[in-house]
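So the structure is just underneath, and the comments pick up after that.
All ligand and atom numbering here is 1-based and tracks the order in the structure.
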Amino acid sequence: MNYREEIIKLKKEKNALILAHYYQVDEIQDIADYVGDSLGLSQKAAEADVNIIVFAGVHFMAETAKILNPKTKVLLPDLQAGCSLADSCPYDDFRAFKAKYPEHIVVSYINTSAAIKTVSDVICTSGNAVEIVNSFPKDQKIIFAPDRNLGGYVNRVTGRNMVLWEGACEVHDILTTEAIFKLKDEHPKAKIIAHPECQAQILEAADYVGSTTGLLNYTKNDDAREYIVATESGILHQMYLDSPDKKFYVVPSDDTCSCNDCPYMKLNTMEKLYLALKNEKPSVSLEPETIELARKPIERMLEISKKLKLI
Ligand code: 13P
Ligand code: SF4
């Protein structure tokens, strides 16, 4: 079967929109109506005026789309596409943790379950975390969850002392400076760029730190010719499309390959996308109270981001 043709046909027939994250396989990125980072994808989901959104990403992203656009059917091609970072912050444990800091507000990274969002004051993404935190007075006490690496990075950039939940992403937390410096020895002119979910020593060694969209824009506008990329392999597809004459080396997660794939993102395939559109399932569903409570901190993030012209 030619999945590409069938998906295009069904998309038209059913008035559907395909949103894809940069970590999806190349063919899914190529067929999507929009490819972006978590911030751009949430904005697109909020604005979508369609019958169906097919979210080629992971569960928390599809959930966020449902929260922002509850009347629209939101499909996730594989419901098992979770996120180790979101899973590192279980609701009951987080409630107990939060109770220890009654004067603190909660800034949560978008990589969390809808349940965690219901007990958060504002959401942030890697594309706006510094600005969201800086939108609060310097003396505001803050809990940042769930990524200790992103939280630590924001603490260093903003000079804050936020209390950090000890979560991490298994795809970024595993990367080492040894692997980066090995690539740097092989490609001495290459610049190092990193996603803020990487550990502090990597972020300190990087020439640029940013969200997936930030990394992509940096490579587009910068005049270096080669980049060592500390994030998931999928981003290289758009980097090569935007800058075909440049070279990109992804930091490998181990010695067995020259890649670093998110096992959850890569669960989505063209076949599953086609079946999801055809059968209109699996879909994401949430209790109306959860949607109502989780929407407030996400909308607060979108409002701040619009005001600061980040979106
Ligand atoms: P971005 O919002 O930077 O695309 O990050 C999403 C993510 O899951 C990174 O691992
Ligand atoms: Fe989650 Fe990490 Fe995969 Fe991003 S790369 S979806 S944070 S497990």
Side-chain angles (χ1 to χ4, degrees), residues 19-25 28-29 32 34-45 55-65 68 76-89 107-113 116 123-132 144-151 153-154 165-175 193-199 202-203 206 208-219 229-239 250-253 259-268 298 301-302 305 310-311:
L19 299 179
H21 187 263
Y22 292 120
Y23 297 165
Q24 293 298 294
V25 293
I28 293 186
Q29 293 191 38
Y34 176 81
V35 189
D37 68 356
S38 310
L39 182 60
L41 287 164
S42 1
Q43 195 199 8
K44 289 285 170 200
F55 213 115
V58 290
H59 197 265
F60 76 83
M61 295 178 172
E63 246 182 14
T64 304
L68 290 168
L76 182 64
D78 188 326
L79 271 190
Q80 300 305 313
C83 166
S84 60
L85 184 49
D87 289 348
S88 71
C89 192
V107 178
S108 290
Y109 190 31
I110 198 160
N111 298 42
T112 47
S113 63
I116 296 291
I123 303 303
C124 71
T125 73
S126 52
N128 61 17
V130 166
E131 291 84 357
I132 295 288
F144 187 91
D147 189 7
R148 60 160 187 255
N149 293 335
L150 174 62
Y153 173 72
V154 176
W165 177 265
E166 275 291 312
C169 155
E170 67 181 44
V171 178
H172 290 86
D173 200 46
I174 201 175
L175 300 179
I193 59 172
H195 194 279
E197 287 172 20
C198 296
Q199 291 188 13
I202 291 182
L203 303 180
Y208 175 78
V209 175
S211 77
T212 48
T213 296
L215 298 174
L216 181 63
N217 288 339
Y218 182 79
T219 59
V229 184
T231 189
E232 212 262 6
S233 318
I235 187 72
L236 263 61
H237 182 53
Q238 299 296 329
M239 286 179 173
V250 80
V251 181
S253 49
C259 63
N260 183 33
D261 285 327
C262 169
Y264 313 100
M265 287 280 183
K266 296 302 199 270
L267 281 177
N268 295 321
I298 310 175
M301 167 188 82
L302 292 174
S305 304
L310 300 172
I311 49 176

Contacting atoms of ligand 1, where contact means under 4.0 angstrom from a heavy atom of His195: 1 (P), 3 (O), 5 (O), 9 (C)
With Ser38, which residues qualify under side-chain hydrogen bond (donor to acceptor under 3.5 Å, both in side chains), at least two apart? none
One finds that the ligand 1 atoms under 4.0 Å from a non-hydrogen atom of Ser38 are 1 (P), 2 (O), 4 (O), 5 (O), 6 (C)
Counting only heavy atoms, which portion of Glu197 has something under 4.0 Å from ligand 2: side chain, backbone, both, or neither? side chain
What are the two closest non-hydrogen atoms of Glu197 and Asn149, and how far apart are they? O-ND2, 2.9 Å
Taking every heavy atom of Gly57 against every heavy atom of Ala81, the minimum-distance pair comes out as O-CB, 3.9 Å
Does any part of the side chain of Ile110, heavy atoms only, come nearer than 4.5 Å to the side chain of Ser42, both counted from C-beta? yes
For ligand 1, which part of Glu232 has a heavy atom less than 4.0 Å away: the side chain, the backbone, both, or neither? neither
Relative to ligand 1, is Val58 under 4.0 angstrom through side chain, backbone, both or neither, heavy atoms considered? neither
Show your working on side-chain hydrogen bond (donor to acceptor under 3.5 Å, both in side chains) between Asn260 and Ser233 and close with a plain yes or no. CA-CA 5 Å; Asn260 183 33; Ser233 318; over 6 Å; no
Atoms in ligand 1 flagged as close to Asn111, the criterion being non-hydrogen separation under 4.0 Å: 7 (C), 8 (O)
Under 4.0 Å from one or more heavy atoms of Glu197, ligand 1 contributes atoms 7 (C), 9 (C), 10 (O)
Atoms of ligand 1 less than 4.0 Å from His172 heavy atoms? 10 (O)
Minimum heavy-atom distance Val154-Ala129, with the two atoms named: CG2-CB, 3.8 Å
Should Thr212 be counted as touching ligand 1, given the test is an N or O pair under 3.5 Å? yes
Which atoms of ligand 1 have any heavy atom of Ser211 under 4.0 Å away? 3 (O)
Purely on distance, is any nitrogen or oxygen of Thr125 under 3.5 Å from one on ligand 1? no
Could you grab the protein N, O or S atoms closer than 2.8 Å to atom 1 (Fe) of ligand 2 for me? Cys83 SG
For atom 3 (O) of ligand 1, tell me which residue out of Gly57, Ser126, Gly214 has the closest non-hydrogen atom. Ser126
Atom CD1 of Ile174: over 12 foreign heavy atoms under 6.0 Å: no
Check contact between Tyr23 and ligand 1, using heavy atoms of the residue and a distance below 4.0 angstrom. yes
